[in-house]
Amino acid sequence: MFYGVELTSRLLLGTAQYPSPAVLNEAIAASGTEVITVSLRREGADGAAFRRLLAGSGCRILPNTAGCHTAREAITTAQMAREVFGTPWIKLEVIGHADTLQPDPFALVEAARVLCADGFEVFPYTTEDLIVGEKLLEAGCQVLMPWGAPIGSGQGLRNIEGLRTMRAHFRDVPLVIDAGIGAPSQAAQAMELGFDAVLLNTAVAKALDPVGMARAFSEAVAAGKRAHDAGLMPHRNMAEASTPFFGMAELLA
């Protein structure tokens, strides 16, 4: 549940880089998602047509501040997005490093504080840093969106222990893995760790068959969630036989 909104799908899907609007529309349907992200900066001359396509999907729109590098720039973009899309939801990105696209934690917290005070319901793109997470919650965020790996890299979950620690620390906070997921197996792994949802874009949009990949991610996220709820077996340092010794036949020489 995000800001009082209960969803049935745990896959959030980005809308950039698809080969055509028709393929995007089919991929959204195949994914079963109920939330799609869009950057205000992608609007351009065909912005109205693109908004109509998104509205026709029936999904909730999560605008994002992609490409912003300062708190002020992100705040202004968020305010514009609220006017354009008519929603208080905003995925807050404030990029601090040009190569890794790692978020700037200081500007991120600053922008989150201003936007939350202004009535926005903020989904901050952050790292797995616990201190930054605490500061974002203090600023008014009710969701945290740590990266799995750099945006568009497809590397999956690079810091498993850090993410596991974050999940244990923020037990009652919705956590969404955002960025770096490149394969359905990686999305399933995130859900097996106990995360609440996965947000991805490039892995679907750039696939040879985006529609088929969207469906695969939908199934992987659902499978990972079921596995977590069922209780995964713990790792062991040594082998443990699955067949008991009790009751085995004793052969006499």
Side-chain angles (χ1 to χ4, degrees), residues 1-5 12 14-16 35-43 60-153 158-159 162-163 165-181 195-201:
M1 180 179 292
F2 303 133
Y3 292 100
V5 177
L12 288 67
T15 57
V35 178
I36 51 179
T37 67
V38 60
S39 169
L40 185 66
R41 295 177 177 229
R42 293 189 55 244
E43 294 275 297
R60 180 177 287 267
I61 305 297
L62 176 59
N64 70 50
T65 61
C68 292
H69 292 264
T70 67
R72 181 177 181 180
E73 187 180 14
I75 291 166
T76 300
T77 302
Q79 292 168 338
M80 293 172 62
R82 180 166 60 182
E83 293 299 318
V84 170
F85 295 104
T87 176
W89 279 20
I90 191 73
K91 178 188 169 187
L92 180 60
E93 295 183 24
V94 187
I95 301 303
H97 193 275
D99 292 332
T100 64
L101 301 183
Q102 179 174 333
D104 178 337
F106 306 102
L108 179 66
V109 172
E110 178 187 349
R113 184 176 293 112
V114 172
L115 292 174
C116 288
D118 192 28
F120 281 89
E121 295 173 342
V122 178
F123 293 69
Y125 163 61
T126 182
T127 64
E128 65 275 24
D129 189 291
L130 301 185
I131 306 303
V132 177
E134 293 283 7
K135 296 297 183 182
L136 289 168
L137 295 178
E138 291 172 8
C141 299
Q142 297 180 24
V143 179
L144 297 175
M145 302 179 70
W147 65 348
I151 294 172
S153 69
R158 294 205 309 181
N159 184 1
L163 291 170
T165 299
M166 189 178 197
R167 176 69 282 178
H169 185 72
F170 297 111
R171 291 183 180 276
D172 300 320
V173 178
L175 299 181
V176 181
I177 291 294
D178 176 17
I181 296 295
F195 282 80
D196 297 282
V198 172
L199 192 159
L200 54 94
N201 187 166

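All values reported here derive from a predicted model rather than from experimental measurement. By convention here, the first residue in the shown sequence is residue 1.
Considering every non-hydrogen atom in both Phe170 and Leu130, the closest pair reads CZ-O, 3.6 Å. Tyr3 and Cys141 make their closest contact through OH-CA, 3.6 Å (heavy atoms, listed as atom of the first residue, atom of the second, distance). Of all heavy-atom pairs spanning Ser153 and Pro150, the tightest one is OG-O, 2.8 Å. Thr37 approaches Gly14 most closely through the heavy-atom pair OG1-CA, 3.2 Å. Contact detail for Val94 and Leu108: the closest heavy-atom pair is CG2-CA, 4.1 Å.
The OG atom of Ser39 sits 11.5 Å away from atom CG of Leu62, with the distance rounded to the nearest 0.5 Å. His69 contributes atom NE2, which lies 10.5 Å from atom CG of Asp104 (distance to the nearest 0.5 angstrom). How far CG of Leu12 is from CD1 of Ile36: 10.5 Å, rounded to the nearest 0.5 Å.
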Tabulate below the donor-acceptor pairs under 3.5 Å that side-chain atoms of residues 111-125 make, not counting sequence neighbours, or state none.
{"from": "Asp118", "atom 1": "OD2", "to": "Arg82", "atom 2": "NH2", "distance (Å)": "2.8"}
{"from": "Glu121", "atom 1": "OE1", "to": "Trp89", "atom 2": "NE1", "distance (Å)": "2.8"}
{"from": "Tyr125", "atom 1": "OH", "to": "Leu101", "atom 2": "O", "distance (Å)": "3.2"}

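A search for side-chain contact (heavy atoms from CB on, under 4.5 Å) contacts involving Asp196 returns Arg10, Arg167, Pro174, Leu175, not counting sequence neighbours. Judged as a side-chain contact (heavy atoms from CB on, under 4.5 Å), and not counting sequence neighbours, the contacts of Thr127 are Gln102, Pro103, Asp129, Trp147. Residues meeting the side-chain hydrogen bond (donor to acceptor under 3.5 Å, both in side chains) test with Thr100, sequence neighbours left out: His97. Thr70 pairs by the side-chain contact (heavy atoms from CB on, under 4.5 Å) definition with Arg72, Glu73, not counting sequence neighbours.
In this structure, the side chains of Leu199 and Ile177 stay at 4.5 Å or more apart for every pair of heavy atoms. Side-chain contact check for Leu136 versus Val109: some heavy-atom pair is nearer than 4.5 Å. Inter-residue side-chain proximity for Val198 and Val176 is flagged as unmet; no heavy-atom pair is nearer than 4.5 Å. Here the side chains of Ile90 and Asn64 are not in contact, with every heavy-atom distance at 4.5 Å or above.
The environment of Phe106 atom CZ is sparse: at most 12 non-hydrogen atoms of other residues, nucleotides or ligands sit within 6.0 angstrom.
Counting only residues at least two apart or in different chains, salt bridge (charged side-chain N to carboxylate O under 4.0 Å, His left out) contacts with residues 85-97 comprise Lys91-Glu93, Lys91-Asp178.
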